[in-house]
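The next block holds one structure in the form of C-alpha cells; read it before the comments.
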Amino acid sequence: MSAEKLYPVSAEWAARAYIDDAKYKAMYEASVKAPEAFWGEHGKRIEWFKPYSRVQNSSFSPDNVSIKWFEDGTTNVAYNCVDRHLATRGDQVAIIWEGDDPKEDARITYRELHRHVMKWANVLKSQGVKKGDRVTLYLPMIPEAAYAMLACTRVGAVHSIVFGGFSPDSLAGRIEDAATGVVITADEGLRGGRKVPLKINVDAACDKAPGIVKSVIVVKRTGGAVAMTEGRDHYFDDLAAKVPDECLAEEMNAEDPLFILYTSGSTGKPKGVLHTTGGYLVYASMTHQYVFDYKDGDIYWCTADVGWVTGHSYIVYGPLANGATTLMFEGIPTYPSISRFWDVVDKHKVNTFYTAPTAIRSLMGAGEEPVKRTSRASLRLLGSVGEPINPEAWEWYHRVVGESRCPIVDTWWQTETGGILITPLPGATNLKPGSATRPFFGVKPEIVDADGKVLDGAAEGNLVIADSWPGQMRTVFGDHERFVQTYFSTYKNKYFTGDGCRRDADGYYWITGRVDDVINVSGHRMGTAEVESALVAHAKVSEAAVVGYPHDIKGQGIYAYVTLMTGEQPSEDLRKELVSWVRKEIGPIASPDLIQFAPGLPKTRSGKIMRRILRKIAEDEFGALGDTSTLADPAVVDDLINNRQNRK
Ligand code: PRX
C-alpha cells in the first residue's frame with residue numbers, strides 16, 4: 001500500500017458484511033470478464049412478470065449509441081418496491097418520515113404504502129395520465145413525494161421531479177421540455193421553519209409555459225391558503241375521495257422510460273436525463289444492498305432531497321426494492337439546532353447515515369460539542385456523496401460523528417449513472433480518506449489522457465467508463481444527438497464522465513473534480529452557461545462569464561465576472577440586485593458568491609473568452625496565468641487582477 005493514511009476493514013465488518021475482500025475480487029473479476037452471465041444472474045434480484053432472455057445489448061459507438069438491458073423482460077417498479085413485500089413484510093415500516101418540526105413524524109408500513117400508492121395511481125388516472133405520459137413533481141420532502149413517484153411507475157407514467165428550490169422559470173423550462181400535462185405540488189413546503197411558496201411558484205410557471213399544464217394536483221402540507229384555478233387545480237384529497245382504492249400495476253418493458261431528471265451540463269439548457277425501468281432498478285437495488293450492506297431490520301437514512309438523483313436511487317427506489325426501512329427528512333441540518341442530524345439519528349436509531357461533504361464541512365465549523373452531546377450509538381456505517389470529500393472533513397466525520405468505529409463509503413456517481421459506480425464496500429475495502437476507492441461490480445473505469453490514450457497503472461487524467469452497466473442513462477429526453485455529443489464524442493467508444501481522476505499505485509481512484517464547465521456547488525451541479533445566461537438577461541448587464549473557485553464549505557463557489565452596459569455604474573446595490581436576480585431566474589442554489597465588475601473580459605482575437613485565465617484569477621492564483629499572448633487586449637487582465645474579489 002502507498003503512503004496515504006489507511007483505515008483497514010475491521011474484523012467485525014469483514015465477518016458481518018455480504019462481501020469481504022476475497023469475495024469482492026472474485027465477483028468483480030467475474031463481472032467484467034463475463035458480464036452477460038454476471039448480470040443475467042443478478043438481474044433476477046427483482047421480480048419479472050416475463051423473464052428476460054437477453055441481458056446486455058449496448059453500443060458506445062458514436063454513430064450508433066444504443067443502450068439496452070434485459071430488453072425482452074417485463075416488470076413494474078412500484079410492484080417491486082411495494083407489492084412484492086406485502087406477503088413477507090406488510091407490517092414492517094417502509095418509510096420513517098421526520099418532519100421539519102421535530103414534533104412531527106410518521107411511520108408508514110409497506111401495507112400502508114401500498115394503499116397510498118394505489119390511491120395516488122387512481123388519482124393520476126382520473127386526471128387522464130396514461131402509460132408513457134410525463135408528470136412533473138414539485139414537492140417538499142413529505143411521504144407524498146414517494147407515493148406520487150411510485151404511483152407514476154405503477155401506471156407507467158414517467159416522472160420528472162423538479163427540486164423545490166428551483167425558481168418558477170426553471171420549473172417552466174422543465175415542464176415545457178418534458179411536455180407534462182400534470183403537475184403535482186403542495187400548498188407550501190417547510191424548511192428550517194420557513195415556508196416555501198410551492199403552489200405560487202407552480203402558478204407562475206404555468207403562466208410562463210402557457211397551454212401545457214391541464215391539471216395541478218395539490219397536497220395540503222401547511223394548509224396555507226393558496227389560489228386555486230377553477231378546472232385546473234385540485235386538492236389531492238378531493239380527487240382521492242372520488243376514485244377507487246385498488247389499482248393493478250401496469251406491465252412495463254424493461255426499456256420503458258421510468259423517469260426524467262434534469263441536470264446541468266457545460267452548455268445550454270439543463271438536459272433531461274432519461275432512465276428506464278429494469279436495468280435501473282436492478283442496479284439501484286444491488287448497489288444499495290452491497291454498498292450500505294443493508295440487512296433486514298437496519299434503519300437507513302439518506303439526507304438527500306428526492307429532487308436530486310441521490311433521492312431517487314437511495315431514498316426511494318433502491319431501498320424500497322430491497323424491502324428496507326428508509327428515512328425521509330423534510331428539514332435542514334441546522335434547525336431547530338445544529339445537532340439536528342444527530343438528534344434524528346438517536347430518535348430513530350439510525351444505523352446507516354448517508355450525506356454530502358458540504359453538510360459535514362458546515363457542521364464541522366460549529367465544533368465537536370453539538371455532535372458529542374448526542375449518543376449516535378446506533379450508527380454503524382457512514383456514507384458520502386456528491387463531491388470530493390477533503391481528507392480533513394473525512395477524518396472529522398470518521399472520528400467525531402462515527403467515533404472511529406464506522407467505516408465511510410465515499411460513493412462516486414452521477415445523475416447519468418443511475419447508481420454508484422466507484423465506492424468502497426464496508427466489509428471489503430481498506431479506506432483512504434478522500435478516495436472513492438474501487439469500482440463496483442460490472443464497472444470498467446479507465447483513465448485517459450487528452451488524446452484518449454488509455455493510461456495504465458498509477459496515472460492522472462480524465463475518467464471514462466469503457467462498457468455499459470444496467471443503471472446507465474439511455475438518452476437525453478427528446479435529444480438523442482445531444483446524448484451522443486455530450487458523452488460519447490470526446491473519447492471513441494467510451495462514456496466520458498466529465499470528471500478528472502487519479503489512480504494510485506493500489507488501483508484506488510481519486511476523483512479530482514469536473515474538467516468541463518460544470519461547477520459543483522454544495523454537491524449540486526450548476527452549468528456556468530446557465531448562470532451566465534441568467535446574468536445577461538438583466539437589463540444592465542452586457543456580458544458575463546462565470547467560473548468556479550474553491551470554497552471552504554460549498555466545495556466550489558460561483559464567481560461571476562460582469563461587464564455592464566455603457567453608462568451603468570458598478571455599485572454594492574447593483575451587486576445585490578444581480579444576486580437576487582439570479583436567485584429569481586434559476587433558484588437560490590445558483591446565487592453567485594462573488595461578483596466582479598469587469599470593464600472587459602479576456603478574449604482571443606476571434607472573440608472567445610479565455611476561461612482558463614478567469615479561473616486562475618478567481619482562485620487567486622494569477623501568478624500562473626500561462627500564455628496570454630493570444631489575447632486581443634492583454635491590458636484587461638491587469639484590471640481583473642487588481643479588482644479580484646477572492647484575495648486570500
Ligand atoms: O464531479 C462528480 C461529483 O458530482 C458529479 C455528479 O453530480 P450529480 O449528477 O449532481 O450527482 C451527484 C450525486 C450522485 C460528478 O461528476 N461527485 C459525485 N460524487 C462524488 C463526486 N466527486 C467526488 N467524489 C464523490 N464521491
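All heavy atoms count here, side chains included; hydrogens, waters and symmetry mates do not. Just so you know, ligand 1 is whichever comes first in the structure, and atom 1 is the first atom listed for that ligand.
- Each side-chain hydrogen bond (donor to acceptor under 3.5 Å, both in side chains) pair with one or both residues in residues 450-461, not counting sequence neighbours, would appear here, but there are none.
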Could you list each nitrogen or oxygen of ligand 1 that sits under 3.5 Å from a protein nitrogen or oxygen, with the atom names and the distance?
residue: ligand 1; atom: 1 (O); partner: D499; partner atom: OD1; Å: 2.7
residue: ligand 1; atom: 1 (O); partner: D499; partner atom: OD2; Å: 3.2
residue: ligand 1; atom: 4 (O); partner: G386; partner atom: O; Å: 3.2
residue: ligand 1; atom: 4 (O); partner: N520; partner atom: ND2; Å: 3.2
residue: ligand 1; atom: 9 (O); partner: T415; partner atom: N; Å: 2.8
residue: ligand 1; atom: 9 (O); partner: T415; partner atom: OG1; Å: 2.6
residue: ligand 1; atom: 9 (O); partner: R525; partner atom: NH1; Å: 2.8
residue: ligand 1; atom: 16 (O); partner: Q414; partner atom: NE2; Å: 2.9
residue: ligand 1; atom: 16 (O); partner: D499; partner atom: OD1; Å: 3.3
residue: ligand 1; atom: 16 (O); partner: D499; partner atom: OD2; Å: 2.7
residue: ligand 1; atom: 16 (O); partner: R514; partner atom: NH1; Å: 2.8
residue: ligand 1; atom: 17 (N); partner: G386; partner atom: O; Å: 3.4
residue: ligand 1; atom: 19 (N); partner: G386; partner atom: N; Å: 3.1
residue: ligand 1; atom: 22 (N); partner: P388; partner atom: N; Å: 3.4
residue: ligand 1; atom: 24 (N); partner: E387; partner atom: O; Å: 3.4
residue: ligand 1; atom: 26 (N); partner: D410; partner atom: OD1; Å: 2.7
residue: ligand 1; atom: 26 (N); partner: T411; partner atom: O; Å: 2.7

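- Salt bridge absent: K271 and E481 never bring a charged side-chain N and a carboxylate O closer than 4.0 Å.
- A salt bridge does not link R474 with D256: every distance from a Lys NZ or Arg NE/NH1/NH2 to an Asp or Glu carboxylate oxygen is 4.0 Å or more.
- Atom CD1 of I19 and atom CZ of F441 lie 4.0 Å apart (nearest 0.5 Å).
- Residue-environment remark: CG (D552) stays at or below the threshold of 12 foreign heavy atoms within 6.0 Å.
- Geometric assessment of R438 against the ring of Y28 yields a negative cation-pi assignment under the 6.0 Å and 45° thresholds.
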